[in-house]
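One structure is given below, encoded as structure tokens.
In each ligand, atom 1 is the first atom listed, and ligand 1 is the first ligand listed. Keep in mind that the numbers below use all heavy atoms, side chains included, and drop hydrogens, waters and symmetry copies.
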Amino acid sequence: MAVKQAVSDSLGNALTVLSDAVDRDLDRRLGDRLHCPPRLREAMRYSIFAGGKRLRPILVLLANEACLGAADAAMPAASAVEMIHTYSLIHDDLPAMDDDDLRRGLPTCHRKFDEATAILAGDTLLTLAFETLAELQPSPVAARCVKELARAAGGSGMAGGQVDDLNAEAGPGTLEWLESLHERKTGALLRASLRMGGIAAGASGEQLDALTEYGRHIGLAFQIVDDLLDVEGDAVKLGKGVHKDEAAGKLTYPGLLGVDESRRRAWDLIDSARAALAPFGPAGVQLARLAQYIVERDR
Ligand code: IPE
Ligand code: IPE
Ligand code: MG
Ligand code: MG
Ligand code: MG
């Protein structure tokens with residue numbers, strides 16, 4: 001089957017095949033079977049299908065493959081994490097948060113619709129994510145994944161990290177604090193994606209530890225690159241505004257260490273991430289390639 005073959009493809013092909021498979025699953029879940037007011041569905045679909053990279057679901061599916069699982073079995077976790085991610089972006093862009101007008105190359109959800117609809121579209125994606133995870137089989141796998149994703153998205157993870165990101169001046173402004181902030185606001189969801197892929201495949205404790213270690217390194221590298229792209233990136237390629245972080249007083253790697261040192265650290269993290277994949281042998285090759293893509297990306 002197509003998703004299975006993606007593992008032996010070049011990374012570029014694999015990313016296309018996997019993100020198409022995720023899009024089909026999301027399309028089904030956000031289609032007629034979702035009973036809700038039409039404007040709410042329209043807002044959710046608008047943001048979900050605006051052209052994101054689908055990195056988190058791809059991590060679920062590649063981690064699942066690295067642990068020799070069946071891709072179909074992990075698909076609810078892949079779609080669920082993209083729902084959480086998209087909800088976090090819709091809320092991140094709201095006037096009360098980063099106040100952005102452009103996301104994934106389109107007007108942000110609250111600009112296209114209105115603030116109330118954007119807030120509720122985010123809320124609905126958040127709740128639908130857990131309804132989706134509940135479909136995982138057997139039910140102990142579903143329960144473990146619910147716990148993973150809830151922890152990663154909640155107060156000790158993404159939502160808590162977002163609070164501290166918005167009040168950067170309340171923290172000590174040190175490298176340790178910045179690392180903690182990035183690990184929670186962005187890293188937690190990336191780590192949970194990998195762990196859910198592993199759990200759906202029945203991974204061993206050693207395999208889950210290796211995925212967690214890989215995720216810790218790519219998670220931090222991912223947000224360093226996001227911060228670098230805000231300084232050096234092209235708004236058209238990125239599909240979102242640039243030069244916003246400094247103006248908003250955000251604590252970032254380039255702000256704290258400069259561009260060159262930030263990029264060097266991102267590459268060091270990718271080396272560590274790759275080293276963590278040793279227990280998977282050849283089955284970890286796509287995750288290793290993905291780590292490199294995370295630093296080289298321009299969108
Ligand atoms: C952007 O995430 C927000 C962060 C967590 C830094 P992505 O760069 O994965 O955004 P999409 O999903 O491709 O739009
Ligand atoms: C967003 O971080 C992190 C989450 C949405 C959890 P940013 O605020 O840096 O993301 P962008 O740059 O707006 O995509
Ligand atoms: Mg933000
Ligand atoms: Mg933002
Ligand atoms: Mg950013």
Side-chain angles (χ1 to χ4, degrees), residues 15-16 18-19 22-23 26 46-60 78-111 118 122 125 129 152-153 157-168 178 181-194 215 218-256 262 266 290-291 293-299:
L15 297 185
T16 307
L18 296 175
S19 69
V22 171
D23 281 6
L26 286 167
Y46 175 80
S47 290
I48 280 269
F49 295 113
K53 295 181 289 295
R54 306 295 192 227
L55 177 65
R56 293 149 192 83
I58 285 168
L59 286 171
V60 172
S79 288
V81 75
E82 187 64 18
M83 291 174 195
I84 297 275
H85 169 58
T86 302
Y87 126 70
S88 83
L89 296 179
I90 294 173
H91 284 194
D92 182 71
D93 291 333
L94 286 168
M97 294 187 71
D98 290 351
D99 192 13
D100 275 310
D101 296 336
L102 195 67
R103 170 66 65 185
R104 293 175 163 174
L106 294 173
T108 46
C109 194
H110 66 277
R111 285 272 173 204
L125 286 168
M158 187 266 288
Q162 287 283 68
V163 168
D164 288 339
D165 176 86
L166 290 166
N167 300 300
L178 176 59
L181 203 156
H182 278 11
E183 277 204 353
R184 289 176 288 136
K185 90 166 186 181
T186 304
L189 215 52
L190 295 170
R191 252 188 343 262
S193 303
L194 290 154
I218 60 150
L220 196 48
F222 182 85
Q223 185 63 47
I224 294 176
V225 172
D226 185 80
D227 291 352
L228 281 166
L229 288 170
D230 181 79
V231 177
E232 304 184 311
D234 176 332
V236 174
K237 278 188 192 147
L238 282 168
K240 63 184 181 183
V242 291
H243 309 309
K244 303 261 321 184
D245 290 342
E246 195 182 351
K250 292 292 172 80
L251 183 63
T252 65
Y253 266 76
L256 202 60
S262 301
L290 193 69
Y293 160 80
I294 282 173
V295 186
E296 290 178 341
R297 71 198 172 97
D298 59 6
R299 62 181 282 259

Which residue owns the protein heavy atom closest to [atom], what's the atom, and how far is it?
{"atom": "atom 13 (O) of ligand 1", "result": "Lys53 NZ, 2.7 Å"}
{"atom": "atom 3 (C) of ligand 1", "result": "Leu89 CD2, 3.6 Å"}
{"atom": "atom 14 (O) of ligand 1", "result": "Arg104 NE, 2.7 Å"}
{"atom": "atom 6 (C) of ligand 1", "result": "Gln223 OE1, 3.1 Å"}

Distance-minimising heavy-atom pair for [X] and [Y]:
{"X": "Val242", "Y": "Gly233", "answer": "CG1-O, 3.9 Å"}
{"X": "Gly157", "Y": "Ala188", "answer": "CA-CB, 4.1 Å"}
{"X": "Asp298", "Y": "Lys237", "answer": "OD2-CD, 3.4 Å"}
{"X": "Ala78", "Y": "Val22", "answer": "CB-CG2, 4.4 Å"}

Of Leu26, Leu55, Asp23, the residue whose pairing with Glu82 passes side chain to side chain contact (heavy atoms under 4.5 Å, CB included):
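One option only clears the test, and that one is Leu26.
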Got an N/O contact under 3.5 Å between [X] and ligand 1?
{"X": "Arg56", "value": "yes"}
{"X": "His85", "value": "yes"}
{"X": "Glu82", "value": "no"}

Specify whether an N/O/S atom of Asp226 falls short of 2.8 Å from the Mg ion (ligand 5).
yes
Angle at the Mg ion (ligand 4) between OD2 of Asp92 and OD2 of Asp98, to 10°?
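So the angle at the metal works out to 90°.
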With atoms numbered from 1 as shown, which atoms in ligand 1 lie under 4.0 angstrom from a non-hydrogen atom of [X]?
{"X": "Gly52", "answer": "11 (P), 12 (O), 13 (O), 14 (O)"}
{"X": "Thr186", "answer": "5 (C)"}
{"X": "Asp226", "answer": "6 (C)"}

As an exercise, state the distance from [atom1] of [X] to [atom2] of [Y], rounded to the nearest 0.5 Å.
{"X": "Tyr253", "Y": "Ile224", "atom1": "OH", "atom2": "CD1", "value": "4.5 Å"}
{"X": "Arg111", "Y": "Arg103", "atom1": "CZ", "atom2": "CZ", "value": "14.0 Å"}
{"X": "Asp165", "Y": "Leu178", "atom1": "CG", "atom2": "CG", "value": "9.5 Å"}

Determine, considering heavy atoms only, which of Lys240, His182, Arg299 sits nearest to atom 1 (C) of ligand 1.
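The residue whose heavy atom sits nearest atom 1 (C) of ligand 1 is Lys240.
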I need the single residue from Asp230, Asp100, Asp99 that forms a side-chain hydrogen bond (donor to acceptor under 3.5 Å, both in side chains) with Lys244. Which is it?
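With Lys244 as partner, Asp230, Asp100, Asp99 yield a single side-chain hydrogen bond (donor to acceptor under 3.5 Å, both in side chains), made by Asp100.
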Residue portion contacting ligand 1 (non-hydrogen atoms closer than 4.0 Å) for Leu55
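None of Leu55 does.
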